[in-house]
There are 2 protein chains.
Amino acid sequence: MPDASVKKPSRIQQRNRHTILEAALEVFSRHGYRGATLDQIASEAGLSKPNILYYFDGKADIHVTLLSQLMQTWLDPLVELNPDGDPVEEILAYVQRKLDMAQDFPRESRLFAGEILQGAPRMRPELEAHLKPLFNSKCALIRTWIAQDRLPPLDPRHLIFSIWASTQHYADFESQVSLLMDDSTNTFEGASKHLQAMFRSMLTR
Amino acid sequence: MPDASVKKPSRIQQRNRHTILEAALEVFSRHGYRGATLDQIASEAGLSKPNILYYFDGKADIHVTLLSQLMQTWLDPLVELNPDGDPVEEILAYVQRKLDMAQDFPRESRLFAGEILQGAPRMRPELEAHLKPLFNSKCALIRTWIAQDRLPPLDPRHLIFSIWASTQHYADFESQVSLLMDDSTNTFEGASKHLQAMFRSMLTR
DNA sequence: ACGAATTTTTACCATTTGGTAAAGCTACGA
DNA sequence: TCGTAGCTTTACCAAATGGTAAAAATTCGT
């Protein structure tokens, strides 16, 4: 017997929930949780405010739903770190994947950044449940690589922090970066070269 | 004849404006601009809301004043980059100063991060006027070091971004860092070792 | 085509919040 | 000590905002 408390969503439900989440991503990522209003989200989605509240239990529900859905996508590049590959190339590929995400999904990056910046008030359980175990398992993997002398001795935790920080910077601080970068040069191309060189030099001794 | 539009502030003025800014730093850095309320700031400062508005022209005025005052402190470590020193040691010392600031002034770091994250709506003129010229001048300095073969060829802009990102990360994403770091190890000590090693390896080729 | 279920709109509401007017209090120079 | 300028409080207000009730419209299975 199927779960009676969950009915399969109609086509309209699917479409509208998706529209709302897309609009909310736009608005939340630009103005933060408190700075975003339901009216803005409704207007961006082309729906009325009460209609939005027909699909979600409230502002916080929309925010949490967004964050939860994004968590998967966000952790994927780290999941792909392959124990059977070459350590240096694996980590450099991870750096590149993270930089690509900053380029392709800046709104998602800023949404996360805003939430973490305020102390992760709505996302902490999600972080404990998904980020923390993955982080620890990949740290362990890097430690085995170090033990096998395939990487120089370093603290995997700070290595990962450096990767996160230096790649996401291009999305999260985009307004500053674009202010300081010459418009004539491709920011992400230069960033890729720089970061690849930086991490390669550190990982190859 | 002294400027008639500016009277010297009384002792009470000085004390209360300082108290308000300190309270505002606490509240703005925790909740962001929109998330902070005048009531919170007033309560934190131990003053009434109308009394706060006696000293400042409004919420935005407090925020802008804070940001402007902080700009100086924030840029100091970069100003200290000495053209006459050894390039590698100068840059590594800069990395350490930035990391020390993340440790000693996390609220200031988060205040800036929040403002930049939202596109610097209130700070852009300040950034244009102070950050941009300093950034460009220090980039030029690094380029001369490279031209003298005292540093490997690299893009100074991305180098500086990497330094900013990887050091401020420990303040701005503190909630995530503390979630993932073992409590038994000193985060900033480990970060310092890691970042010094990383940038040294890159700068010494 | 018809009735039931789903979706959308209209008309509200209570709270929060940035801000103000004006009266009252305090410090301080003459 | 007295008057004035500077400081603080009380009592408000208008707008914004998250949210709701219920009627109206639409969709969909039969």
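Everything quoted here is computed from the prediction, not taken from an experiment. Proteins come first, then strands; the chains are lettered A, B, ... in the order of their sequence lines, and each starts at number 1.
- Distances shorter than 4.0 Å separate none of the side-chain N or O atoms of A/Asn51 from OP1 or OP2 on C/dT7.
- At a cut-off of 3.5 Å, with distance as the only test, no side-chain donor of A/His31 or B/Tyr33 sits close to an acceptor on the other residue.
- Of the listed residues (B/Asp155, B/Leu159, B/Leu154, B/Ile160), just one forms a side-chain contact (heavy atoms from CB on, under 4.5 Å) with B/Arg157, and that residue is B/Asp155.
- OP1 or OP2 of C/dT17 has at least one side-chain nitrogen or oxygen of A/Arg34 nearer than 4.0 Å.
- Close to D/dT8, at under 4.0 Å from its OP1 or OP2, lies a side-chain N or O of B/Asn16.
- Comment: A/Glu128 does not engage A/Arg124 in a salt bridge, judged by the lack of any side-chain N to carboxylate O separation of less than 4.0 angstrom.
- Of the side-chain N and O atoms in A/Gln13, none sit less than 4.0 angstrom from OP1 or OP2 of C/dT6.
- Atom C1' of nucleotide D/dT8 and atom CG of B/Leu53 are separated by 13 Å, given to the nearest angstrom.
- Looking at heavy-atom distances under 4.0 Å, B/Tyr55 makes contact with sugar-phosphate atoms alone, never a base.
- Rounded to a whole Å, the CD atom of B/Gln40 is 11 Å from the C1' atom of C/dT17.
- Backbone-only engagement by A/Ala36 is indicated by non-hydrogen atom pairs under 4.0 Å involving sugar-phosphate atoms exclusively.
- Between A/Lys59 atom NZ and D/dG19 atom C1' there is a gap of 12 Å when expressed in whole angstrom units.
- Looking at A/Thr73 and A/Glu108, their side chains never bring a donor and an acceptor atom within 3.5 Å of each other.
- Side-chain N/O atoms of B/Ser166 and A/Ser162 include no donor and acceptor closer than 3.5 Å.
- Checking C/dT17, C/dA21, D/dG19 against the side-chain heavy atoms of A/Leu38 singles out D/dG19 as nearest.
- For the pair A/Leu47 CG and C/dT10 P, the computed distance is 13 Å after rounding to whole Å.
- Taking the side chain of B/Pro50 as heavy atoms from C-beta on, and the options D/dA21, C/dT20, C/dG18, the nearest nucleotide is C/dT20.
- A straight line from CD of A/Gln14 to C1' of C/dT7 spans 16 Å, rounded to a whole angstrom.
- Between the CD1 atom of B/Ile20 and the P atom of C/dG18 there is a distance of 15 Å, given to the nearest Å.
- For A/Tyr54 and C/dT7, the shortest distance from a side-chain N or O to OP1 or OP2 is below 4.0 Å.
- Residue-level contact check: A/Ala42 touches neither bases nor backbone, having no heavy atom under 4.0 Å from any strand.
- Rounded to whole angstrom, the span from the CZ atom of B/Phe56 across to the C1' atom of C/dG19 amounts to 16 Å.
- Dashed line: the shortest gap from a side-chain N or O of A/Ser48 to OP1 or OP2 of C/dT8 is not under 4.0 Å.
- Whole-Å rounding puts the B/Asp39 CG to C/dT15 C1' distance at 12 Å.
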